[in-house]
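A short worksheet on the structure shown next.
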There are 2 protein chains.
Amino acid sequence: MTSPANLKNMGLKATLPRLKVLELFEHHEKQHLTADDVYRMLINEQIDIGLATVYRVLTQFEQAGLLIRHHFDSEKAVYELNAGQHHDHLVCLQCGHVEEFYDEEIERRQNMIAEQRGFAIHDHSLHLYADCKRDACPRRSPHK
Amino acid sequence: MTSPANLKNMGLKATLPRLKVLELFEHHEKQHLTADDVYRMLINEQIDIGLATVYRVLTQFEQAGLLIRHHFDSEKAVYELNAGQHHDHLVCLQCGHVEEFYDEEIERRQNMIAEQRGFAIHDHSLHLYADCKRDACPRRSPHK
DNA sequence: AGGCGCATGAGAAGTATTTGCAAATACGGA
DNA sequence: TCCGTATTTGCAAATACTTCTCATGCGCCT
Ligand SMILES: [Mn+2]
Ligand SMILES: [Mn+2]
Ligand SMILES: [Zn+2]
Ligand SMILES: [Zn+2]
């Protein structure tokens, strides 16, 4: 999967930074990463990379359709692998945990609404902000 | 509507900057404004106001429930009057024109999805990005 | 009118992201 | 394998938006 060929036939040289960034998205459990997440993780792996390069590579990958960028109501952008299946997101306000979902009917209605009003829809974003109920989630107030 | 009393009983002194900002949202045709929009419009009206004050006032009004903040995939936040009716947005990618919509069924399904997955939903954002078909809209390519 | 305390304006500071540039590197051809 | 060259990289400086600091100003109660 993370082969130099992948990068090459999208018109990008197979450089170490690019291979490592791609590898990170393909092998890491956490699916949604910020530029800084990526930067920090690679530095921890002893990969000598610059933050500016991370930003550049993420942008290139997004333009190449390899990654998708989102803004989850935080000031920083997050990226995830583009698996080809469109989906929307549920985001935990306490711990940042993200779950994906897809609802055929919602998608249908979105298109209908845009059409009715004479808009040619290009894209959309749907984010549900909530509190998750995972054990790992730092819930509110009980203990300061 | 834009009376000093309104501000006072939300615990804020009725200062000129606050009155003018509120007045702008209540009387201006454009409903969705950035901090800079507000700043610029007031300066044009010969109102001597600082950008920092605009940011502060917008934040206060949002906390007081008078305004609602959104992020339409641009780097800047936009505010609109809180009329009490929740709605989502259609945004033109060419000209920035915004239309509001509300779909009962979509709202229902969002809640259902969150519930099914054990999330206690707090909030959501749904933005449809498209090209509008208004005459005033600068459409793509034809003339450079 | 007088005085207290919150509010304001100007600029500095803070974040996230982008850009300029010289040095480093990928990679097709010799 | 070694080279030449066009890309790419890391760093620092630049941007864009927003928040903060602080000295001064003004709303509001008496
Ligand atoms: Mn969707
Ligand atoms: Mn909605
Ligand atoms: Zn959580
Ligand atoms: Zn338009």
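What you are looking at is a predicted structure, and each value in this text was computed from that prediction instead of being measured.
Taking the side-chain contact (heavy atoms from CB on, under 4.5 Å) definition, one finds that Glu45(B) meets it with Leu24(B), Leu42(B), Ile47(B), sequence neighbours left out. Every residue meeting the side-chain hydrogen bond (donor to acceptor under 3.5 Å, both in side chains) condition with Tyr129(A), not counting sequence neighbours, appears here in chain and number order: His127(A). With sequence neighbours excluded, the residues satisfying salt bridge (Lys or Arg N to Asp or Glu O under 4.0 Å) with Arg109(B) are Asp103(A), Glu105(B). Checked against salt bridge (Lys or Arg N to Asp or Glu O under 4.0 Å), Lys30(B) has the following partners two or more places apart in sequence or in another chain: Asp37(B). The side-chain contact (heavy atoms from CB on, under 4.5 Å) check on His86(A) picks up Asp88(A), Tyr102(A), Glu107(A), His124(A), with sequence neighbours excluded. Residues meeting the side-chain contact (heavy atoms from CB on, under 4.5 Å) test with Thr15(B), sequence neighbours left out: Lys13(B), Pro17(B), Arg18(B). Judged as a salt bridge (Lys or Arg N to Asp or Glu O under 4.0 Å), and not counting sequence neighbours, the contacts of Glu99(B) are Arg117(A). Residues that satisfy the side-chain hydrogen bond (donor to acceptor under 3.5 Å, both in side chains) test with Thr53(B), not counting sequence neighbours, are Arg56(B). Taking Asp36(A) as the reference, Arg40(A) meet the salt bridge (Lys or Arg N to Asp or Glu O under 4.0 Å) condition, with sequence neighbours excluded.
End-to-end axis angle of the helix from dA1(C)-dT30(D) to dA30(C)-dT1(D), from C1' rotation axes over five pairs per end: 30° (rounded to 10 degrees).
Rounded to whole angstrom, the span from the CD1 atom of Ile47(A) across to the C1' atom of dT8(D) amounts to 17 Å. Per the geometry, OH belonging to Tyr39(A) stands 16 Å off P belonging to dT18(C), to the nearest Å. Counting to the nearest Å, the P atom of dA16(D) and the CG atom of Asp37(B) are 16 Å from each other.
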Nucleotide N/O to protein N/O under 3.5 Å, stretch nucleotides 13-17 of chain C:
residue: dA16(C); atom: OP1; partner: Lys76(A); partner atom: NZ; Å: 3.4
residue: dT17(C); atom: OP1; partner: Ala77(A); partner atom: N; Å: 2.9
residue: dT17(C); atom: OP2; partner: Tyr55(A); partner atom: OH; Å: 2.5
residue: dT17(C); atom: O5'; partner: Tyr55(A); partner atom: OH; Å: 3.3

So which protein nitrogen or oxygen atoms get under 3.5 Å of nucleotides 4-8 of chain C's nitrogens or oxygens?
residue: dG5(C); atom: N2; partner: Lys13(B); partner atom: NZ; Å: 3.4
residue: dA7(C); atom: OP1; partner: Arg18(B); partner atom: NH2; Å: 2.7
residue: dT8(C); atom: OP1; partner: Thr15(B); partner atom: OG1; Å: 2.7

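Using modelled atom types, one side-chain atom of His87(B) and one backbone atom of Gln85(B) make a donor-acceptor pair closer than 3.5 Å.
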